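Below is one structure; the comments refer to it alone.
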Amino acid sequence: MIVLLSNDDGIHAPGLKALAESLQELGELYIVAPDRERSATGHGITVHRPLRLEMVNMHGLKARAWAVDGTPADCVKLAVEDLLPGPPALVVAGINQGPNLGTDVLYSGTVSAAIEGIINGLPALAISLASYGDHDFTRAAEVARKVVGLTIEKGLPRGTLLNINVPVAEPRGVRFTRLGNRRYVNIFHKRTDPRGRIYYWMAGEPLDLEDNGNDTDVQAIRENFISITPIQLDLTDYRSLSVFRQQWKEINFIF
Ligand code: MN
């Protein structure tokens, strides 16, 4: 069984190593990951320059690995189309350093790597440790192994990935959640460079909105639960699709 691993923190990130260690007995591991950190690159792909790659020795891990000078989506695409000897049974992205909650999933390279999996018709998981300061991936790696085992046993609906966030504190349990709302405040630092020119540096602190219900990923992590959110790619707003079809009939007279 071939399992493909990727991430957005780069091939040398400790979270990826911890993930590979926890899964290496489950199957034949292939790692295709960016050669440097590519967090917050979303689902970008590289089409205006060539992609270069090199094989990487993962030092003691039973895995074949390549570092690619592209995005997480590039990595999964390239792996599936050319590098792997056959289609993987599963794509696992992570373990990301930092949470991927609510609206974060649109910016996240980790989730995008998993999305590239489902675009290719493959079951996929994205897993994140909900902290930037804690570098102990032991528990998140255990969670990954358990969820991977269940995914292989039960399968996932076609076109659905699981976005998993693991709290730093001892988890109180597991919740299946929906995506919550997350907004950032104080996003831009406005500064002056040594030549007197203004520049902006995007940062910001998450402002967890009050309307996050108990069934959201944001709230689950806040209450120290492991959060698992099924995510699909289809962004169509089905609620308003019929409304537009009925109430915008004039659109037909434009042409
Ligand atoms: Mn990251």
Side-chain angles (χ1 to χ4, degrees), residues 3-23 29-46 51 53 56 58 63 65-79 91-119 124-141 143-144 147-148 161-168 179-180 182-184 187 201-206 208 217-218 220-221 226-229 231:
V3 177
L4 171 63
L5 307 187
S6 192
N7 74 348
D8 75 357
D9 292 340
I11 190 111
H12 299 297
L16 178 60
K17 185 165 180 268
L19 179 67
E21 276 169 358
S22 75
L23 300 182
L29 290 193
Y30 286 80
I31 301 173
V32 184
D35 62 355
R36 70 202 78 175
E37 180 170 357
R38 303 301 299 263
S39 291
T41 53
H43 209 94
I45 51 171
T46 305
L51 285 171
L53 69 166
V56 174
M58 295 303 282
W66 287 267
V68 179
D69 68 346
T71 64
D74 288 330
C75 290
V76 173
K77 237 180 226 311
L78 192 57
V91 179
V92 189
I95 300 167
N96 189 60
Q97 180 83 68
N100 276 310
L101 300 167
T103 25
D104 293 344
V105 302
L106 288 174
Y107 304 107
S108 165
T110 309
V111 177
S112 288
I115 288 175
E116 194 57 39
I118 59 172
I119 286 174
L125 309 173
I127 181 156
S128 304
L129 178 64
S131 164
Y132 292 105
D134 189 302
H135 308 296
D136 184 357
F137 291 91
T138 314
R139 186 182 292 116
V143 172
V147 178
V148 165
L161 70 89
L162 298 180
N163 183 42
I164 304 146
N165 281 274
V166 179
V168 170
L179 293 176
R182 230 172 174 223
R183 259 195 310 126
Y184 289 83
I187 290 179
W201 197 329
M202 201 186 303
E205 304 130 34
D208 289 338
D217 55 353
V218 173
I221 286 298
I226 294 164
S227 168
I228 303 182
T229 309
I231 290 179

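In listed order, ligands and their atoms are each counted from 1. All values reported here derive from a predicted model rather than from experimental measurement.
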Between Thr41 and Asp8, do the side chains contain an N or O donor and an N or O acceptor separated by less than 3.5 Å?
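Short answer, no.
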Do Asn96 and Thr110 pair up side chain to side chain, a donor and an acceptor below 3.5 Å, judged on atom types alone?
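Result is yes, a qualifying pair exists.
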Do Thr103 and Arg183 make a side-chain contact, defined as non-hydrogen atoms from C-beta onward lying under 4.5 Å apart?
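In short, these two side chains do not touch, never coming nearer than 4.5 Å.
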When you compare the side chain of Arg182 with that of Pro99, does any pair of heavy atoms fall below 4.5 Å?
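Pro99 reaches Arg182 side chain to side chain.
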Show the numbers, then the answer: is there a side chain to side chain donor-acceptor pair (under 3.5 Å) between Asn163 and Thr229?
CA-CA 5 Å; Asn163 183 42; Thr229 309; 5.0 Å; no
If we ignore hydrogens and angles and just use 3.5 Å, is the side chain of Ser112 paired with the main-chain N or O of Ala73 as donor and acceptor?
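No.
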Distance below 2.8 Å from the Mn ion (ligand 1): protein N/O/S atoms:
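Near the Mn ion (ligand 1), below 2.8 Å, one finds Asp8 OD1, Asp9 OD1, Ser39 OG, Asn96 OD1.
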